[in-house]
Every structure is written in structure tokens, then in C-alpha cells.
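All remarks here apply to the structure that follows.
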Amino acid sequence: MENLKFVKDIESYKIKGKIAEGCSGDEKYRLERDGKYFLLRVGDKAKAAERKDEYNRLSVYVDKGINTHRPVAFGTTPDKFYSIVSWVNGTPVMDVIKKDISQNYYQLGKKVGRALRELHSCSWGNTKINWQDSINEKAALFLENYHRIDIDFACSKSAEQYILTNICLASDRPQVVLHGDFHWNNCVVDEMGHVGIIDFSGNNIGDPWYEFGGLLWALEYSDSFANGQIDGYFGTPPDGFWNVFKLYVALYAFEHLTYSDGTPEDLKNHIHNAGRMLKVFGEDFEAELPLFRR
């Protein structure tokens with residue numbers, strides 16, 4: 001295990017183990033002190049400013065009553081940063097649903113949707129970028145990669161055309177500080193049914209509806225959870241939501257292809273996942289409402 005003596009007061013904690021999950025590139029560890037658990041994150045000094053912003057923002061979320069990490073300590077060395085935050089108790093929603101996919105998870109989805117809404121409300125109207133330019137750049141990057149691999153799959157041509165025709169839907173969207181990686185494995189639920197949000201990723205600003213792309217992972221296992229999350233967030237989805245959601249589903253699916261390591265087996269898996277994501281709008285991406293909403 002990595003030598004962590006550069007972390008201030010690390011001697012006052014017991015290191016319970018290294019955490020393998022995640023793709024941020026940071027090292028993560030579970031710590032214990034006085035019967036309580038904590039999360040230690042260690043990474044390259046080049047990320048220090050971004051990680052410090054994330055760390056500082058946690059105080060805002062906690063003050064608003066959101067069940068998430070409480071900041072404990074942050075520091076830097078000449079080549080590293082580290083942060084210590086409280087551990088959020090609970091089981092990942094992904095594990096709860098996969099354990100028994102026969103159950104109805106609508107109410108759990110509603111709790112997650114409300115938590116996401118509360119998270120977004122902390123920065124509503126306080127931030128602004130050119131979101132249309134951001135989406136244009138994402139689309140260009142994702143579609144360039146799709147054409148580079150030169151493999152069509154379920155719905156891919158129709159989804160590409162939908163992006164090109166409807167990318168203007170990203171114009172004049174409201175903006176918030178995004179979680180950055182909001183999906184069912186970054187939400188936990190404890191024995192009392194309380195939902196917590198964990199593992200924030202970056203300081204991205206953008207359309208809050210963009211975060212619903214993460215629902216595509218849960219949809220493989222639970223339509224009820226997906227419907228609950230949307231209803232928990234909105235009550236009733238507003239006019240125009242489904243068209244924008246469809247655009248973001250298409251972008252999310254093509255983005256997923258960019259994470260392939262290029263080996264035939266890994267590319268096959270990513271193409272399968274992307275095709276499954278797109279099929280939530282029908283076999284040819286033609287439906288106005290996603291199939292789980294019918």
C-alpha cells in the first residue's frame with residue numbers, strides 16, 4: 001500500500017483498505033477513527049485546484065441538508081494533493097437493484113430524483129457558460145470517434161441524425177454546477193431508506209437535465225427506478241423535457257464508445273451498451289417518449 005505519511009495526522013486513522021472502484025485516476029482509501037469512517041483521496045498536484053473546489057463545495061451541500069460527504073481536511077505536497085471527507089453510509093443503489101430486479105423501485109427512484117434536485121438547487125442561476133458551444137464540442141468529438149471505428153449498430157444512424165437535427169435544443173438551457181457522474185452507483189441508500197450522494201467528478205457547469213443520461217445504466221434492470229427518479233425530480237416532467245432527454249441519451253450513448261480501450265472484445269461490449277441505451281427510444285430511435293415511460 002502506498003506510503004501515506006505525507007497526509008497530515010494520518011497516524012490518528014486506521015487505514016481499512018484501498019478502494020478500487022472509480023476511474024478518476026486518484027487513489028482512494030477507507031479510513032477509520034473513533035468508530036467512524038472516512039474517505040481519503042490522493043492524486044496528482046495538477047488536480048489540486050479542481051479537487052479543492054469540489055471539497056469546498058461539499059460544505060454548501062451539507063449546509064443545505066444534502067446527505068453527502070462532510071469535508072474534514074485538505075492539503076498539498078510539492079507533487080500531490082489529498083482530501084479527507086466523511087464516509088456516507090449506505091449500499092450503492094446499483095447493488096440494491098441488482099440483488100432483486102423483480103422488485104418495484106419507484107419510491108427509491110423518487111428519493112434519488114429529489115436528492116438530485118436539491119443538489120442542483122444549490123447553484124441554480126449562479127453560474128453560466130456557453131452550454132450550446134459545449135454540447136457542439138461534445139457532439140463533434142463523440143461522432144468523430146464513432147466514424148473512426150466505422151461500425152454501425154442498433155439505432156446509430158438514426159441517433160446521429162437526431163443529434164445533428166436537434167442539437168439546437170441545448171440552446172438557452174438553465175445551468176448549474178453538475179455532479180459530473182450522477183448514476184445509480186454514486187447514490188447510496190442506508191437501512192432507514194435515506195439516500196446519499198457520493199463521488200463527485202469535476203466542476204462542470206451545464207444543463208441540469210444532462211445528468212439524466214446516467215439513468216441509462218439503471219434502465220437495463222429497472223424501469224420503475226428510472227420513472228421514479230424523473231418524477232421525484234420534476235413531479236411532472238415539463239414541456240420539452242423528452243426531446244432534450246432524447247438528445248442527451250444519444251450523446252451519452254456515443255460518448256460511451258469513447259471509453260473503449262480499442263481491443264475487439266472491449267469495443268464489442270461498448271457497442272452493445274451504446275445500442276442498448278439508444279433502444280430506449282425504440283428499435284430505430286423513432287419514439288417520442290422512451291419505452292420505459294409508456
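Everything quoted here is computed from the prediction, not taken from an experiment.
Residues N204 and Y210 bring no donor and acceptor atom of their side chains to less than 3.5 Å of each other. Judged by distance alone, the side chains of R33 and S12 do bring a donor and an acceptor atom under 3.5 Å apart.
Y37 OH to K14 NZ: the interatomic distance, rounded to the nearest 0.5 Å, is 9.0 Å. Distance check: H183 NE2 to L215 CG gives 11.5 Å after rounding to the nearest 0.5 Å. If you take CG on N56 and CZ on R51, they are separated by 13.5 Å, rounding to the nearest 0.5 Å. Here the straight-line distance linking atom CD1 of I163 with atom CG of L169 works out to 11.5 Å at 0.5 Å rounding. Distance check, rounded to the nearest 0.5 Å: CG of L4 to CD1 of I15 gives 4.5 Å. The CG atom of N227 lies 11.0 Å from the CZ atom of F225; values are rounded to the nearest 0.5 Å.
Among residue pairs with one or both ends in residues 245-271, none qualify as salt bridge (charged side-chain N to carboxylate O under 4.0 Å, His left out); sequence neighbours excluded. Screening residues 46-66 for ring pair (Phe, Tyr, Trp, His ring centres under 6.0 Å) gives Y55-F74, Y61-F200 as the qualifying pairs, with residues at least two apart or on separate chains. Residue pairs meeting the salt bridge (charged side-chain N to carboxylate O under 4.0 Å, His left out) criterion with at least one member in residues 207-219, sequence neighbours excluded, are R173-D207.
Side-chain atoms of Q132 come within 3.5 Å of backbone N or O of I167 as a donor-acceptor pair. Put simply, the side chain of T165 gets close to the backbone of Q161: a donor and an acceptor are under 3.5 Å apart. Remark: the backbone N or O of T77 is paired with a side-chain donor or acceptor of K45 at under 3.5 angstrom. T68 places a side-chain N or O within donor-acceptor distance of the main-chain N or O of I197, the cut-off being under 3.5 Å. A donor-acceptor pair under 3.5 Å is absent between the side-chain atoms of E118 and the main chain of K64, judged by distance alone. The backbone N or O of G109 sits nowhere less than 3.5 Å from a side-chain atom of Q229 that would complete a donor-acceptor pair. Remark: the backbone N or O of D284 is paired with a side-chain donor or acceptor of S158 at under 3.5 angstrom. Within the 3.5 Å criterion, the main-chain N or O of K36 finds no donor-acceptor partner in the side chain of D34.
Within a 6.0 Å sphere centred on OH of Y259, other residues, nucleotides and ligands contribute 12 heavy atoms or fewer. Shown here is D172, whose CG atom has no more than 12 heavy atoms of other residues, nucleotides or ligands within 6.0 Å. For D79, the CG atom is densely surrounded, since the number of other residues' heavy atoms within 6.0 Å is greater than 12.
Minimum heavy-atom separation, F153 to I271: CB-CG2, 3.5 Å. The two residues L257 and H270 have their closest heavy-atom pair at CD2-O, 3.7 Å. Residue Y13 comes nearest to V72 through the heavy atom pair OH-CG1, 3.8 Å, listed as atom of the first residue, atom of the second, then distance. Shown here for P208 and L178, the closest heavy-atom pair between the two residues is CA-CD2, 4.1 Å. Minimum interatomic distance between F285 and A250 (heavy atoms only, all atoms of both residues): CZ-CB, 3.9 Å.
Between F241 and F245, the ring planes are parallel. Angles under 30° get that label, and only those over 60° would be called perpendicular.
With contacts defined as side-chain heavy-atom distances shorter than 4.5 Å, the pair K16/L31 does not qualify. Counting only heavy atoms from C-beta outward, the side chains of I135 and L251 approach each other to under 4.5 Å. No side-chain heavy atom of L58 sits less than 4.5 Å from a side-chain heavy atom of E54. Side chains of W242 and E288 form no contact here, defined as non-hydrogen atoms less than 4.5 Å apart. Side-chain contact between I19 and L39 is present, with heavy atoms from C-beta onward closer than 4.5 Å. Looking at heavy atoms from C-beta onward, D181 lies in side-chain contact with H179 at the 4.5 angstrom threshold. By the 4.5 Å heavy-atom criterion applied to side chains, I205 and V176 are not counted as neighbours. Here the side chains of K111 and Q107 are not in contact, with every heavy-atom distance at 4.5 Å or above.
With hydrophobic clusters built from ILVMFWY side chains whose heavy atoms lie under 4.5 angstrom apart, L291 does not share a cluster with Y162. If you chain together hydrophobic residues whose side chains sit under 4.5 Å apart, I10 and F6 fall into the same group. Residues L289 and Y106 fall into different hydrophobic clusters, defined by Ile, Leu, Val, Met, Phe, Trp and Tyr side chains chained together at heavy-atom separations under 4.5 Å. Transitive grouping of hydrophobic side chains (ILVMFWY, heavy atoms separated by less than 4.5 Å) brings V112 and Y221 into a common cluster.
A salt bridge between D223 and R293 is absent, with no side-chain N of the basic residue lying under 4.0 Å from a carboxylate O of the acidic one. Ion pairing of K47 with D26 is present here, as a side-chain N (NZ or NE/NH1/NH2) and a carboxylate O approach within less than 4.0 Å. With respect to the salt-bridge test (charged N to carboxylate O, under 4.0 angstrom), the residues R114 and D231 do not qualify.
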Show your working on side-chain contact (heavy atoms from CB on, under 4.5 Å) between H69 and I198 and close with a plain yes or no. CA-CA 7 Å; H69 309 286; I198 64 173; 3.4 Å; yes
Step by step, work out the side-chain contact (heavy atoms from CB on, under 4.5 Å) result for V249 and L247. CA-CA 5 Å; V249 164; L247 171 65; over 6 Å; no
The test is ring pair (Phe, Tyr, Trp, His ring centres under 6.0 Å); show your working for W209 and Y248 and say whether it passes. CA-CA 8 Å; W209 294 359; Y248 292 160; 8.0 Å; no
Decide side-chain hydrogen bond (donor to acceptor under 3.5 Å, both in side chains) for Y105 and W184; before the verdict, give the C-alpha distance in whole Å, the side-chain angles of both, and the deciding distance to 0.1 Å. CA-CA 12 Å; Y105 292 105; W184 63 343; over 6 Å; no
Dump the intermediate steps for side-chain contact (heavy atoms from CB on, under 4.5 Å) on I151 and L267, then the final yes or no. CA-CA 10 Å; I151 298 176; L267 182 58; 4.1 Å; yes
Residues N145, F254; criterion side-chain contact (heavy atoms from CB on, under 4.5 Å); working and verdict: CA-CA 8 Å; N145 178 70; F254 284 115; over 6 Å; no
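In this structure, R30 fails the cation-pi test against F38, since its NZ or CZ atom is not both closer than 6.0 Å to the six-membered ring centre and inside 45 degrees of the ring normal.
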I'd like a table of donor-acceptor pairs (distance under 3.5 Å, sequence neighbours excluded) in which one partner is a side-chain atom from residues 84-99, with atom names and distances.
unit_1	atom_1	unit_2	atom_2	d
S86	OG	R70	N	2.7

All N/O donor-acceptor pairs, side-chain side in residues 273-281, below 3.5 Å, sequence neighbours left out:
unit_1	atom_1	unit_2	atom_2	d
N273	ND2	H256	NE2	3.3
N273	ND2	N269	O	3.4
R276	NH1	L216	O	3.0

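Residues passing the ring pair (Phe, Tyr, Trp, His ring centres under 6.0 Å) test with F292, sequence neighbours excluded: none.
Checked against a 6.0 Å centroid threshold, the rings of F182 and F212 do not count as neighbours.
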